[in-house]
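Order of appearance sets the numbers: ligands from 1, and atoms from 1 within every ligand.
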Amino acid sequence: MRDMRYTVSIDGSLVRPEDAKVSVFDRGFLYGDSVFEVFRTYEGTPFREREHLERLARSAERIFIDLPIDLETLSREIHEALDASELPNAYVRVVVTRGSGPIVLDPSTAVSPTRVIIVAPVTPPDPSLYEAGVPVISVRHAQSSSPAAGAKASNYLDNLLAQREARAKGAHEAIFVSPTGDLLEGATSNVFVLRDGILMTPSLDLGILGGITRAMVMKAAEREGVACAEGRLSIETLELAEEVFLTSSIREVMPVVRFDDRVIGRGVPGPVTRRLHATYRALIREEIERSRKG
Ligand SMILES: Cc1ncc(COP(=O)(O)O)c(C=O)c1O
């Protein structure tokens with residue numbers, strides 16, 4: 001792809017975007033047999049990079065991919081790509097596939113994992129969405145008991161189809177709901193519900209991704225003195241929800257004002273959501289300052 005907005009590193013070497021190619025025999029391509037991370041930089045500082053790389057390592061371990069390099073080396077390669085991009089506010093995607101091998105399912109046939117780093121300008125949602133809040137839809141989804149549950153593996157077909165359905169219905173995001181009516185997570189986000197002044201979010205043992213933003217928002221809630229609990233949240237919880245929001249590295253804290261045909265709270269972003277978003281941004285600022293001090 002000839003697009004100068006991208007900076008790409010493959011297996012430790014920077015390559016021009018138009019030369020950024022992996023083999024058709026790569027299992028990432030053939031089977032979605034890979035793990036990945038997405039995070040962003042603010043004013044040149046990658047936010048929570050260590051947590052993202054550690055999650056990448058855990059995801060790889062969960063699906064038995066041996067990371068080809070240690071996290072320090074991977075971090076150096078990411079910083080090399082970031083420097084080359086010269087972008088102060090960058091989107092960073094790191095992908096590690098199981099590598100190439102004969103076309104057989106047995107993963108032991110692949111020998112050498114492929115690693116790809118893509119840096120691009122970050123495109124956060126339009127500020128008007130934070131002002132107005134967004135509609136979301138529910139999509140039924142089996143609670144995952146797969147060994148890969150909770151790993152950030154690249155097999156995103158269910159998420160992609162849910163996102164498609166959301167867009168077709170004019171919604172911003174699809175929220176997966178288990179067959180027994182438990183809220184799980186968004187197609188690319190975690191979900192929080194405020195009810196009776198208590199912030200609640202689905203627990204990780206439901207097989208969902210442990211979002212880095214989710215963890216930071218829980219920290220923000222603690223700082224703000226907002227009680228926060230993890231557990232099972234039935235979709236009925238939403239009937240009396242005062243506020244709902246989504247979290248992800250790129251969207252940060254996105255207020256939800258409609259869930260299917262239910263209006264959430266007063267139909268506008270609530271005060272706790274706004275406060276937690278402001279505190280989340282304060283945590284970002286603190287990380288930028290810390291990294292500047294060295
Ligand atoms: C399925 C899923 N859940 C949750 C998240 C949020 O994770 P994070 O806050 O680490 O970006 C994502 C992000 O892409 C995701 O794809």
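The side chain of Asn159, and not its backbone, has at least one atom closer than 4.0 Å to an atom of ligand 1 (non-hydrogen atoms only; side chain from C-beta on). For Leu209, every heavy-atom contact with ligand 1 shorter than 4.0 Å involves the side chain, none the backbone.
Close approach of ligand 1 to Ala187 is summarised as follows: ligand atoms under 4.0 Å from at least one heavy atom of the residue are 1 (C), 16 (O). Ligand 1 places these atoms under 4.0 Å from at least one heavy atom of Gly186: 1 (C).
The protein heavy atom nearest to atom 7 (O) of ligand 1 is Gly211 CA, 3.6 Å. The protein heavy atom nearest to atom 11 (O) of ligand 1 is Ser249 OG, 2.7 Å. In terms of protein heavy atoms, atom 16 (O) of ligand 1 is closest to Tyr156 OH, 2.5 Å. Of all protein heavy atoms, the one lying nearest to atom 14 (O) of ligand 1 is Lys152 NZ, 3.0 Å. Counting only heavy atoms of the protein, atom 9 (O) of ligand 1 lies nearest to Thr213 OG1, 2.6 Å.
Residues Leu184 and Pro202 share a closest heavy-atom pair of O-CG, 3.2 Å.
Scanning Met216, Glu185, His52 for the heavy atom closest to atom 1 (C) of ligand 1 points to Glu185.
Classified by interplanar angle (parallel below 30°, tilted 30° to 60°, perpendicular above 60°), the ring pair Phe176/His141 is tilted.
On a distance-only criterion, Arg55 and ligand 1 share at least one N/O pair closer than 3.5 Å.
For the atom pair Asp19 CG and Ile10 CD1, the distance stands at 9.0 Å (nearest 0.5 Å).
In the model, Glu77 has no side-chain atom that pairs as donor or acceptor with a side-chain atom of Ser9 under 3.5 Å.
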Check against side-chain hydrogen bond (donor to acceptor under 3.5 Å, both in side chains), Glu287 and Thr45: CA-CA 8 Å; Glu287 188 151 322; Thr45 300; over 6 Å; no
